[in-house]
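One structure is given here, and the rest of the page talks about it.
Every chain is numbered from 1 and lettered A, B, ... according to where its sequence line falls, protein lines coming before strand lines.
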Protein chains: 2
Amino acid sequence: MTEKALQQLKTAETEKISHLDYFNIGITVDCVILGYEEKELKVLLIKSDMQEYSGLFSLPGDFIKPDEDLEAASYRVLKEKTGLDDVYLEQVRTFGNIFRHPSGRVITVAYYSLIDVKNHKLQLDLNERHWHPVNEIKKLAFDHKLILDTCLNRLRQQVMEHPVIFNLLPEKFSLRELQELYEAILGVELDRRNFRKKISIKDWLLDIDEMEHNVPHRPGKLYMLKKQFRNKSAKTGAGLQFA
Amino acid sequence: MTEKALQQLKTAETEKISHLDYFNIGITVDCVILGYEEKELKVLLIKSDMQEYSGLFSLPGDFIKPDEDLEAASYRVLKEKTGLDDVYLEQVRTFGNIFRHPSGRVITVAYYSLIDVKNHKLQLDLNERHWHPVNEIKKLAFDHKLILDTCLNRLRQQVMEHPVIFNLLPEKFSLRELQELYEAILGVELDRRNFRKKISIKDWLLDIDEMEHNVPHRPGKLYMLKKQFRNKSAKTGAGLQFA
DNA sequence: AGTAAATATGTACTTATTACACATTAATTT
DNA sequence: AAATTAATGTGTAATAAGTACATATTTACT
């Protein structure tokens with residue numbers, strides 16, 4: 001940014017602050033990368049490399065590069081940590097308390113994404129990256145527990161209205177698997193018949209006329225998410241009903 | 001931020017970028033300040049002071065100060081532009097495309113707030129601040145039209161679930177006034193009986209046993225928002241229903 | 001052949017949503 | 001004072017959605 005340009009940025013209210021002050025704030029993206037394994041919702045965490053938080057885990061994140069769109073930064077972090085790039089990713093909220101980062105002023109934009117754990121071969125032992133069951137997480141570095149909880153709440157709001165969680169499942173799944181996933185996310189038990197009725201009304205699923213294999217009981221039918229809903233942003237439609 | 005602290009910030013992925021690069025991004029808050037006047041939803045805009053956008057209006061906003069919480073910055077902007085501080089204010093989304101600001105890299109966090117126009121004496125002629133009917137706005141400086149639309153969509157999502165829009169009305173109001181406000185925000189016509197039924201189920205309103213005055217027809221009863229709902233954040237409660 | 005464990009399915013009850021019409025009240029006009 | 005105007009205030013029937021709940025069926029396993 002040139003000095004001339006900076007002049008233009010200034011308004012009457014801000015003139016007292018110098019260039020260095022303005023631009024002395026770091027901006028990061030932090031990603032809540034969620035997976036689903038063994039009937040549990042899990043989040044990808046890395047060992048914090050900061051002394052202040054030694055022993056604690058934190059969300060993967062990185063600084064935004066000056067020549068990189070905000071959204072691109074979130075996809076980059078996701079790609080670097082998981083190798084995946086064609087996934088659901090949603091911006092949730094920006095966190096900017098002064099003292100949220102012990103080393104200085106850092107504002108972070110939080111995103112969440114949902115991925116199929118089995119579908120990506122992650123080097124878990126390297127880089128101290130691990131999947132952690134979200135229900136067992138008590139404390140994280142920085143304000144990352146708050147960020148995690150905020151993202152989980154947003155996910156819970158989205159989940160019944162939008163077909164967002166299918167990235168957490170394999171391509172073909174049974175209704176039981178889908179119901180168990182909903183139960184894991186919402187933290188409640190659902191009635192099987194009512195669940196099926198509600199899902200069937202949504203008209204999200206394609207009956208592919210295949211059956212489960214290798215289950216120690218009667219196999220269920222398999223379904224896929226209809227193509228038109230794959231990897232769509234949750235932003236689609238607001239759906240206000242009010243006569 | 002000290003050099004030592006900066007070292008701690010660096011991760012393997014970011015080491016190639018220098019301090020100056022990291023911190024060469026500006027951060028602002030932009031506020032969509034909404035009011036309601038003459039049965040129209042209006043937004044407070046100021047004349048853009050940038051050559052690139054001469055003649056266009058823009059949202060009020062300002063740089064975040066290094067020693068100021070993000071949220072505090074949004075309240076400060078609101079206070080500076082309207083004189084009000086005890087109002088509903090909600091963070092909506094952060095906008096960070098590279099070229100969204102012609103003078104350099106500026107990421108902005110967007111908020112919206114709702115205020116009672118009559119209740120604050122704004123110096124409209126000074127500073128080129130004006131109320132503009134939202135429905136007549138075709139173009140704004142920067143990406144502010146996108147920001148405005150995003151905030152309006154968020155407001156429309158919130159409005160039936162949370163008692164947020166009462167800041168747009170005087171303290172005492174009739175059900176007709178309230179319905180007209182909903183119609184202005186949602187852009188639809190509502191059935192009077194169904195509207196009243198729905199509002200009465202919410203149990204937000206207090207019947208204060210007063211009547212309208214100075215209306216050229218039969219006066220209606222006046223209501224107030226119950227105290228427990230005043231100036232609450234829309235964040236309260238998610239309300240998932242799924243048996 | 002019998003048992004275990006899950007699938008698949010329907011109905012009655014309650015609650016919410018929608019569409020729709022008429023008598024009443026106060027101010028204004030004649 | 002009576003008539004007119006323009007809004008308020010209210011209820012019901014029909015449809016749709018949400019909830020609680022039980023039985024027969026299918027496959028794998030022993």
Problem - Side-chain ion pair, A/Lys226 and A/Asp203, N-O less than 4.0 Å - result: yes
To the nearest Å, give me how far apart [atom1] ([X]) and [atom2] ([N]) are.
X: B/Leu222; N: D/dT8; atom1: CG; atom2: P; result: 12 Å
X: B/Gln179; N: D/dG9; atom1: CD; atom2: P; result: 11 Å
X: B/Phe173; N: D/dT8; atom1: CZ; atom2: P; result: 15 Å
X: B/His213; N: D/dA7; atom1: NE2; atom2: P; result: 19 Å
X: B/Asn214; N: C/dT28; atom1: CG; atom2: P; result: 9 Å
X: B/Lys198; N: D/dA16; atom1: NZ; atom2: P; result: 16 Å
X: A/Ile199; N: D/dG18; atom1: CD1; atom2: C1'; result: 15 Å

Handout entry: Donor + acceptor pair across side chains of B/Ser58, B/Ser48 (<3.5 Å)
Key = no
Practice task
Could you tell me whether a side-chain N or O of A/Tyr36 sits under 3.5 Å from a main-chain N or O of A/Ile165, the two making a donor and an acceptor?
Solution key: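 The answer is no, because no donor-acceptor pair under 3.5 Å joins these two groups.
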Exercise for the section: Not counting sequence neighbours, list each pair that qualifies as a salt bridge (charged side-chain N to carboxylate O under 4.0 Å, His left out) and has a residue in residues 108-117 of chain B. Expected result: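 Not a single pair qualifies under salt bridge (charged side-chain N to carboxylate O under 4.0 Å, His left out).
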Problem - Ring-ring centroid check A/Phe195 A/Tyr182, cutoff 6.0 Å - result: yes
Practice task
May I ask you to check whether B/Phe142 and B/Tyr53 place their ring centers less than 6.0 Å from one another?
Solution key: yes
Exercise for the section: Return the 5'-most residue of the pair B/Val215, B/Ile201 with respect to DNA chain C, ranking by each residue's nearest nucleotide. Expected result: B/Ile201
Handout entry: Annotated protein contacts, base or backbone, on nucleotides 5-13 of chain C with a non-hydrogen cut-off under 4.0 Å, one of B, S, - each
Key = -SBBBBB--
